[in-house]
Amino acid sequence: MRAKKSYGQHFLTSEVTAEKIGNFLLRKEGIRNVLEIGPGQGMLTKYLKDQDINLKAIEADRDMVSYLSRYYPNLDIIFLDFLKLNLNVAFDGEPFYITGNFPYNISSQIVFKMLNNHEMVPEMVGMFQKEVAERIIAPPGSKTYGVISVLTQAFYKGEMLLQLPPGAFNPPPKVNSSVIRLSSDGVEELKCDARLFRQIVKTSFNSRRKMLRNTLKVFIDDPDILNEPIFTERPEQLSVRDFEALTNRIEKLNKNES
């Protein structure tokens, strides 16, 4: 089975790495529901299918679904693009863990979909392009800290697990790859308006080198307020909690003005 560029496919060839990813995911006792995204030829699947878990695999490539059905006849396969899946019905409303060697062309979208359904997904262990993985788990103050860092870390703690060279895949990608873990930190809701929070984070990082008083003036008319200390910071200097406080400050100002 040849990989298809249109699906962003790069098949993992290392048995050792596949087993490690499976072990990373199943380190906890009591894990029940697991969804593997983009199983491809089933390299990771083989280390999950015989475990005491309720495993489902979601695959958008018809040819890969046929291949998996032939070699793993008892595997519960969802023939669908993950981005179109209703996560609330994936396991009949029960929470589930996510894993996979994610298609690199939609890996960021997979994370954002997970964030929109964070109450359903307590943990994810997945393979990403190294640069994307580093952005997701980057701490405040780092050069790679950005929108996806803040939005992810609002609900999850990130951890780098493995790094792999292009030669670990067939065909080899043009980039290095990394496996990361995202574990829920117990936050069910933001301590601010979630929609406004996302708007402020995205607007702030549109010009990451500028002070917040320059990027966020679209939300605030009063120049005196824009001289407050927090508005003299740059976005990469703010933690998730700082962005929450900033969102509440701006929301309060807007309510007073109205």
Side-chain angles (χ1 to χ4, degrees), residues 8 10 17 20-21 24-25 27 37 97-118 121-166 168 173-192 194-216 229-247:
H10 297 278
T17 300
K20 284 183 178 179
I21 295 172
F24 285 137
L25 179 72
R27 77 195 195 285
I37 300 174
Y97 289 65
I98 286 178
T99 192
N101 175 24
F102 301 145
Y104 289 173
N105 58 349
I106 63 166
S107 61
S108 294
Q109 293 169 273
I110 289 173
V111 172
F112 286 125
K113 185 177 180 72
M114 187 179 79
L115 296 178
N116 289 335
N117 298 269
H118 63 273
V121 185
E123 185 168 303
M124 178 277 290
V125 174
M127 181 89 70
F128 293 82
Q129 177 180 334
K130 182 184 176 185
E131 291 182 357
V132 175
E134 289 176 340
R135 286 201 298 270
I136 293 171
I137 66 174
S142 67
K143 292 181 179 179
T144 52
Y145 185 69
V147 173
I148 196 169
S149 316
V150 177
L151 298 184
T152 301
Q153 292 168 38
F155 300 103
Y156 293 92
K157 295 178 181 178
E159 178 185 2
M160 181 72 70
L161 299 175
L162 280 178
Q163 299 194 34
L164 290 93
K174 296 179 180 179
V175 296
N176 291 322
S177 304
S178 297
V179 178
I180 62 172
R181 174 187 288 126
L182 296 178
S183 302
S184 173
D185 62 1
V187 175
E188 295 183 1
E189 294 183 2
L190 293 171
K191 297 178 180 178
C192 62
R195 183 171 177 272
L196 182 59
F197 175 85
R198 290 191 293 269
Q199 287 179 333
I200 288 172
V201 170
K202 291 177 180 179
T203 303
S204 298
F205 281 100
N206 280 342
S207 301
R208 61 180 301 127
R209 294 184 179 181
K210 292 184 178 181
M211 293 183 184
L212 294 172
R213 66 186 179 192
N214 293 315
T215 54
L216 297 183
I230 193 168
F231 293 105
T232 63
E233 302 281 3
R234 290 180 172 80
E236 68 267 20
Q237 297 172 292
L238 271 61
S239 68
V240 172
R241 305 289 84 87
D242 291 332
F243 273 110
E244 282 183 327
L246 183 61
T247 301

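Excluded from the calculations below are hydrogen atoms, water molecules and symmetry mates; all remaining heavy atoms, backbone and side chain alike, are included.
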*Got a donor-acceptor contact below 3.5 angstrom from the Ser207 side chain to the Arg209 backbone?*
no

*Please step through side chain to side chain contact (heavy atoms under 4.5 Å, CB included) for the pair Leu162 and Thr17, ending with a clear verdict.*
CA-CA 9 Å; Leu162 280 178; Thr17 300; 4.0 Å; yes

*asked:* Does any part of the side chain of Val201, heavy atoms only, come nearer than 4.5 Å to the side chain of Ser204, both counted from C-beta?
replied: no

*Smallest separation among heavy atoms of His10 and Asn101, with atom names*: O-ND2, 2.8 Å

*Is the closest side-chain heavy-atom distance between Val175 and Glu131 below 4.5 Å?*
no

_Smallest separation among heavy atoms of Leu190 and Ala154, with atom names_ = CD2-CB, 3.7 Å

*asked:* Is any side-chain heavy atom of Lys113 closer than 4.5 Å to one of Asn116?
replied: no

*Does the side chain of Thr144 reach to within under 4.5 Å of the side chain of Ser149, using non-hydrogen atoms?*
no

*asked:* Counting neighbours of NZ on Lys20 that are heavy atoms of other residues, nucleotides or ligands and sit closer than 6.0 Å, is the number greater than 12?
replied: no

*asked:* Is there a side-chain contact between Leu246 and Leu216 in this structure, where contact means two heavy atoms from C-beta onward sitting under 4.5 Å apart?
replied: yes

*Going from CD on Gln163 to OG on Ser177, what distance comes out if it is rounded to the nearest 0.5 angstrom?*
10.0 Å

*Which heavy atom in Tyr156 sits nearest to a heavy atom in Ser184, and how many Å separate them?*
CD2-N, 3.4 Å

*Of the non-hydrogen atoms in Val240 and Tyr145, which two are nearest, and what is the gap between them?*
N-OH, 3.9 Å

*Does any non-hydrogen side-chain atom of Tyr97 lie less than 4.5 Å from one of Val121?*
no

*Could you tell me the separation between the OG atom of Ser108 and the CD atom of Gln129, rounded to the nearest 0.5 Å?*
8.5 Å

*Under 3.5 Å donor-acceptor, Glu236 side chain and Pro140 backbone*: no

*Got Phe205 and Val150 here, is their nearest side-chain heavy-atom distance under 4.5 Å?*
yes

*Can the ring centroids of Phe128 and Tyr104 be said to lie less than 6.0 angstrom from one another?*
no

*Carefully, step by step, assess Phe112 and Leu151 under the rule side chain to side chain contact (heavy atoms under 4.5 Å, CB included).*
CA-CA 8 Å; Phe112 286 125; Leu151 298 184; 3.9 Å; yes

*Can you see which heavy atom on Leu182 is nearest to which on Thr152, and at what distance?*
CD1-CG2, 3.8 Å

_For Asn206 and Thr203, which I'm curious about, is there any donor-acceptor pair between the side chains at under 3.5 Å?_
no

_Could you measure the distance from the CZ atom of Arg234 to the CZ atom of Arg213? Nearest 0.5 Å is fine._
9.5 Å

*List the atom of Leu212, the atom of Ile230, and the distance in Å for their closest heavy-atom pair.*
CD1-O, 3.4 Å

*Once you round to the nearest 0.5 Å, how far does CD1 of Ile110 lie from OG of Ser107?*
6.5 Å

*Begin from the C-alpha positions of Arg208 and Thr215 and carry the test side chain to side chain contact (heavy atoms under 4.5 Å, CB included) through to its verdict.*
CA-CA 9 Å; Arg208 61 180 301 127; Thr215 54; over 6 Å; no

*Could you give the distance from CD1 (Ile148) to CD1 (Ile136), rounded to the nearest 0.5 Å?*
4.5 Å

*Determine, for Glu123 against Lys157, whether the closest basic-nitrogen to carboxylate-oxygen distance falls under 4.0 angstrom.*
no

*Are Glu159 and Arg181 within salt-bridge range, i.e. N to O under 4.0 Å?*
yes

*What orientation do His118 and Phe155 show, parallel under 30°, tilted 30 to 60°, or perpendicular over 60°?*
parallel

*Do Glu134 side-chain atoms and Ser178 backbone N/O form a donor-acceptor pair below 3.5 Å?*
no

*pair Glu244-Phe197: side-chain heavy atoms closer than 4.5 Å*: yes

